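Notes for the one structure printed next.
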Amino acid sequence: MVSCRALARPVRTRIAPSPTGDPHVGTAYVALFNYALARRHGGQFLLRIEDTDRQRSHPASEAMIFDALHWLGLSWDEGPDVGGPHGPYRQSERSTIYREHAETLLAKGAAYACFCTAERLAALREEQKAAKAAVMGYDGLCRRLDPADAKTRRAAGEPCVIRLAMPEADSVTVHDLLRGDVRFERPQMDDQVLMKSDGFPTYHLANVVDDHLMGISHVVRAEEWLSSLPKHEQLYRAFGWEAPVFCHLPLLRNADKSKISKRKNPVSLNHYRRAGYLPEAMLNFLALMSYSMPDEREEFSLDEFVAQFDLTRVSLGGPVFDIEKLTWLNGRYLRRLSTEETIGRLRAGVLSDAYLGQVVALCRERVDTLEGFFDYASFFFQGALAYDAAAREALVPKGRTAADVRKSLLALVETGVDPLLEWRPDTVEAALKAFAEGAGWPVKELFMAVRVAVTGRTATPPLFETMAVLGKELCRRRLRGAAETLR
RNA sequence: GACCCUGUGGUGCAGAGGCCCAGCACGUCACCCUUUCAAGGUGAAGAUCGAGGGUUCGAAUCCCUCCAGGGUCGCCA
């Protein structure tokens with residue numbers, strides 16, 4: 001059902017996340033379909049870390065991706081953590097491979113060195129934008145350089161990038177499993193950078209080289225990649241390799257149909273985990289996005305999903321990630337659990353010894369009876385908070401307006417919380433202080449507002465420790481919730 | 001702006017020329033059950049299948065045009 005060509009070789013699929021943030025729900029979505037395709041055909045599913053952007057890649061992010069995917073019950077046959085015959089599975093450890101391949105392309109004349117500075121490129125972009133140019137990309141200046149000269153300059157150590165020499169055809173036709181032939185007109189096909197001046201490859205090069213070397217038969221990825229397919233197919237052609245089958249999945253959407261984003265929707269898998277969604281429900285829900293079982297069944301296990309999986313059944317409209325339906329589904333799963341099983345789930349999370357231990361350590365000296373403990377520490381066990389009149393008042397320091405605080409809380413989430421990959425008392429403190437300074441807020445005022453937002457109270461254990469225990473996702477959610485009540 | 005993708009009730013999907021004056025699920029509303037709230041059950045409202053043209057005896061399903069939404073135009077992935 002996948003295509004004749006595909007059956008000729010083993011089905012090997014992969015998920016290739018970039019470790020630049022919190023584990024994303026879209027990663028899980030694409031991983032699920034890749035997993036199902038491989039399993040359905042008795043092939044392999046691999047995990048590859050695409051960390052060629054050394055500015056933004058973070059080991060903590062990588063660890064969270066593994067953890068979140070494992071939590072969902074997805075496993076891979078090859079990957080950085082489990083090894084495999086085609087390793088290493090971390091692109092940052094494959095630099096020489098990319099360098100060699102870039103040289104191959106250079107030697108074939110399929111790529112060329114480009115000495116244009118970032119400044120020139122920025123200026124060029126400005127110019128094109130200002131002129132409302134129809135064709136936007138790189139203008140090919142260095143492509144016209146004499147190859148011998150370029151070689152000399154490169155040998156002399158002049159900084160440069162390697163660009164792919166795209167054919168100068170009027171149009172190119174590529175193939176997508178679900179969309180069929182897709183024809184691109186000449187713009188949109190400029191000479192992409194393959195190797196950055198820091199010696200690391202870009203996504204385009206690394207991705208194609210690795211997919212080929214790792215024997216990937218089907219590239220199932222998000223639709224945002226569709227427009228770079230001409231470049232990728234050109235790379236396969238330039239190398240003389242057989243291209244895999246490409247299939248682009250529709251993007252998950254916000255309620256307003258835009259591409260799912262953290263400003264409009266929780267996108268971190270950690271959020272759903274902390275909020276108490278069951279992994280099997282989450283997976284089931286994700287499978288409902290753009291897909292349907294032949295018998296229209298809506299509740300099914302991973303194995304049942306895999307057993308009937310047919311890539312051609314995915315529909316192409318961008319599915320809105322509807323948390324209400326996810327929550328309904330989750331309720332169905334939760335109710336199916338026995339009391340013992342439910343207790344087990346609670347014990348794996350908010351009632352674990354580890355979590356309880358942290359909470360008790362923070363609260364014990366502030367409580368006189370065991371019962372008092374439950375009153376005092378209740379916010380450690382709740383989800384979104386309801387802010388009463390007193391809390392709302394404490395949220396807004398004298399001399400500030402609700403709108404002002406609201407904006408600041410939201411800004412704090414965006415600039416202070418979201419980028420913080422390591423969530424500990426010291427890092428939280430640093431982030432909060434940095435934000436206060438940048439926003440011109442007296443720390444005392446900001447900390448009280450945050451304290452109330454995050455706990456619903458004015459009297460709590462030390463703020464940073466408390467926030468560390470609550471976790472990034474819950475803090476984020478309550479910060480946004482507080483901002484919302486200030487509307 | 002250019003290029004590309006998509007377009008079935010508010011949302012997720014079914015439907016691959018007649019079985020559809022469109023089916024399932026979420027949500028909404030009502031009723032039943034029930035001390036309450038849920039859950040569960042039953043039912044209702046809600047779609048001229050984006051619009052307009054074709055093709056055909058017959059179109060949600062095929063073709064064309066338009067419109068709308070989305071994505072991409074980075075030494076980010």
Side-chain angles (χ1 to χ4, degrees), chain A residues 16-21 24 26-27 49-57 91 114-118 120-122 124-125 128-138 159-163 171-174 176 178-180 182-190 192-207 221-231 248-260 285-299 312-329 331-332 334-336:
Chain A
S18 167
T20 53
H24 201 276
T27 302
I49 293 293
E50 309 228 325
D51 55 353
T52 54
D53 182 345
R54 65 197 214 299
Q55 306 293 348
R56 296 199 300 159
S57 291
Q91 293 186 328
C114 170
F115 302 90
C116 291
T117 61
R120 182 177 117 76
L121 296 179
L124 179 66
R125 243 188 310 274
Q128 292 172 335
K129 212 174 203 172
K132 294 190 187 254
V135 181
M136 286 292 272
Y138 182 59
C160 68
V161 301
I162 307 294
R163 282 183 189 274
S171 71
V172 172
T173 299
V174 298
D176 176 274
L178 294 168
R179 285 160 259 256
V182 179
R183 181 190 160 104
F184 285 82
E185 298 300 324
R186 65 260 125 121
Q188 216 52 10
M189 298 191 292
D190 65 327
Q192 256 298 321
V193 171
L194 261 21
M195 289 291 279
K196 304 181 248 185
S197 56
D198 66 0
F200 278 74
T202 59
Y203 170 86
H204 305 284
L205 207 223
N207 183 263
R221 62 196 346 177
E223 187 175 2
E224 54 190 332
W225 293 111
L226 186 57
S227 46
S228 39
L229 188 50
K231 292 160 186 166
H248 295 85
L249 263 22
L251 258 19
L252 261 20
R253 309 294 184 90
N254 295 312
D256 65 5
K257 291 277 188 181
S258 57
K259 169 171 147 179
I260 198 166
F285 177 69
L286 252 14
L288 257 20
M289 298 282 88
S290 84
Y291 195 81
S292 64
M293 294 293 248
D295 60 2
E296 289 194 59
R297 203 164 21 137
E298 289 202 299
E299 295 176 51
T312 64
R313 278 193 72 85
V314 343
S315 59
L316 297 176
V320 171
F321 190 90
D322 182 0
I323 293 176
E324 266 192 287
K325 183 151 183 177
L326 164 64
T327 303
W328 163 79
L329 226 207
R332 300 274 304 178
L334 198 55
R335 268 168 238 123
R336 214 174 291 144

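Lettering follows sequence order; numbering is per chain, from 1. Here the structure is a predicted model, which is why all the values come from computation and not from measurement. The analysis underlying the following values was restricted to heavy atoms, covering all of them including side chains, and did not include hydrogens, waters or symmetry mates.
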How far does the P atom of B:A25 sit from the matching atom of B:G69, given to the nearest Å?
32 Å

In Watson-Crick or G-U wobble terms, both distances under 3.5 Å, what is the partner of B:G74?
none

Contact under 4.0 Å: A:Arg125 side-chain N or O vs B:C75 OP1/OP2
yes

Under 4.0 Å between any heavy atoms, over every strand shown, what does A:Val182 touch: base, sugar-phosphate, or nothing? Just pick one.
sugar-phosphate

Could you tell me which nucleotide pairs with B:U35 by Watson-Crick or G-U wobble geometry, both distances under 3.5 Å, or answer none if nothing does?
none

Hey, does A:Arg297 reach any base, or is it just sugar-phosphate, or nothing, if we go heavy atoms under 4.0 Å?
nothing

Ignoring backbone atoms, establish whether A:Lys129 has a side-chain N or O less than 4.0 Å from OP1 or OP2 of B:C73.
no

Short heteroatom pairs, N/O only, protein and nucleotides 6-9 of chain B, under 3.5 Å:
none

Complement of B:C24, any strand, by Watson-Crick or G-U distances under 3.5 angstrom
B:G12

Any donor-acceptor pair under 3.5 Å joining the side chain of A:Ser292 to the base of B:C13?
no

Could you go through nucleotides 25-28 of chain B and list every protein N or O atom that sits under 3.5 Å from one of its N or O atoms, giving the distance for each pair?
from: B:A25; atom 1: O4'; to: A:Glu298; atom 2: OE1; distance (Å): 3.0
from: B:A25; atom 1: O2'; to: A:Glu298; atom 2: OE1; distance (Å): 2.5
from: B:A25; atom 1: O2'; to: A:Lys325; atom 2: NZ; distance (Å): 3.3
from: B:A25; atom 1: N3; to: A:Lys325; atom 2: NZ; distance (Å): 3.2

Exercise answer: donor-acceptor pairs, residues 319-328 of chain A side-chain atoms, under 3.5 Å, sequence neighbours excluded:
from: A:Asp322; atom 1: OD1; to: A:Glu324; atom 2: N; distance (Å): 3.1
from: A:Lys325; atom 1: NZ; to: A:Glu298; atom 2: OE1; distance (Å): 3.4
from: A:Lys325; atom 1: NZ; to: A:Glu298; atom 2: OE2; distance (Å): 2.9
from: A:Thr327; atom 1: OG1; to: A:Tyr277; atom 2: OH; distance (Å): 2.8
from: A:Thr327; atom 1: OG1; to: A:Ile323; atom 2: O; distance (Å): 2.7

Please report the distance separating the P of B:G58 from the corresponding atom of B:G43, rounded so that it comes out in whole Å.
37 Å

With sugar-phosphate meaning primed atoms plus P, OP1 and OP2, does A:Arg56 contact a base, only sugar-phosphate, or nothing at under 4.0 Å between heavy atoms?
base

How far, in whole Å, is B:C29 from B:C66 if one measures between their C1' atoms?
38 Å

Using Watson-Crick geometry (N1-N3 plus N6-O4 or O6-N4) or G-U wobble (N1-O2, O6-N3), each under 3.5 Å, B:G43 is paired with B:C29

Nearest listed nucleotide, side chain of A:Leu226, among B:A39, B:C76, B:C4:
B:C4

In whole Å, measure the gap between the P atoms of B:U72 and B:A60 for me.
35 Å

Would you say a side-chain N or O of A:Thr52 is under 4.0 Å from OP1 or OP2 of B:A77?
yes

Does A:Arg332 make a side-chain N or O approach to OP1 or OP2 of B:G40 shorter than 4.0 Å?
yes

Could you measure between the two P atoms, the one in B:A16 and the one in B:C21, and give it in whole Å?
14 Å

Would you classify A:Met195 as touching base, sugar-phosphate or nothing, given that sugar-phosphate means primed atoms plus P, OP1 and OP2, and contacts are heavy atoms under 4.0 Å?
nothing

Is the distance from OP1 or OP2 of B:U72 to the nearest side-chain N or O of A:Lys231 less than 4.0 Å?
no

Pairing nucleotide - B:G69, Watson-Crick or G-U, each distance under 3.5 Å:
B:C5

I want to verify a distance call: between B:A39, B:C76, B:C13, whose nearest atom is closest to the A:Thr202 side chain?
B:C76

Closest to the A:Glu50 side chain, choosing from B:A14, B:A77, B:U72:
B:A77

Quick check: on RNA chain B, is the nucleotide nearest A:Arg253 upstream (toward 5') of the one nearest A:Trp225, or the reverse? Name the residue that is more 5'.
A:Arg253

Taking a pair to mean Watson-Crick or G-U wobble geometry with both distances below 3.5 Å, B:A60 pairs with none

Candidates B:U72, B:A77, B:C4 - which lies nearest the side chain of A:Tyr203
B:A77

Name the residue closer to the 5' end of RNA chain B, choosing between A:Met289 and A:Ala16 according to the nucleotide with the nearest heavy atom.
A:Met289

Taking the minimum atom-to-atom distance to the side chain of A:Phe184, which one of B:C3, B:A77, B:G71 wins?
B:C3

Proximal nucleotide (of B:A77, B:C75, B:A14) relative to the A:Glu296 side chain
B:A14

Can you measure from CG (A:Asn207) to OG1 (A:Thr202) and round to the nearest 0.5 angstrom?
9.0 Å

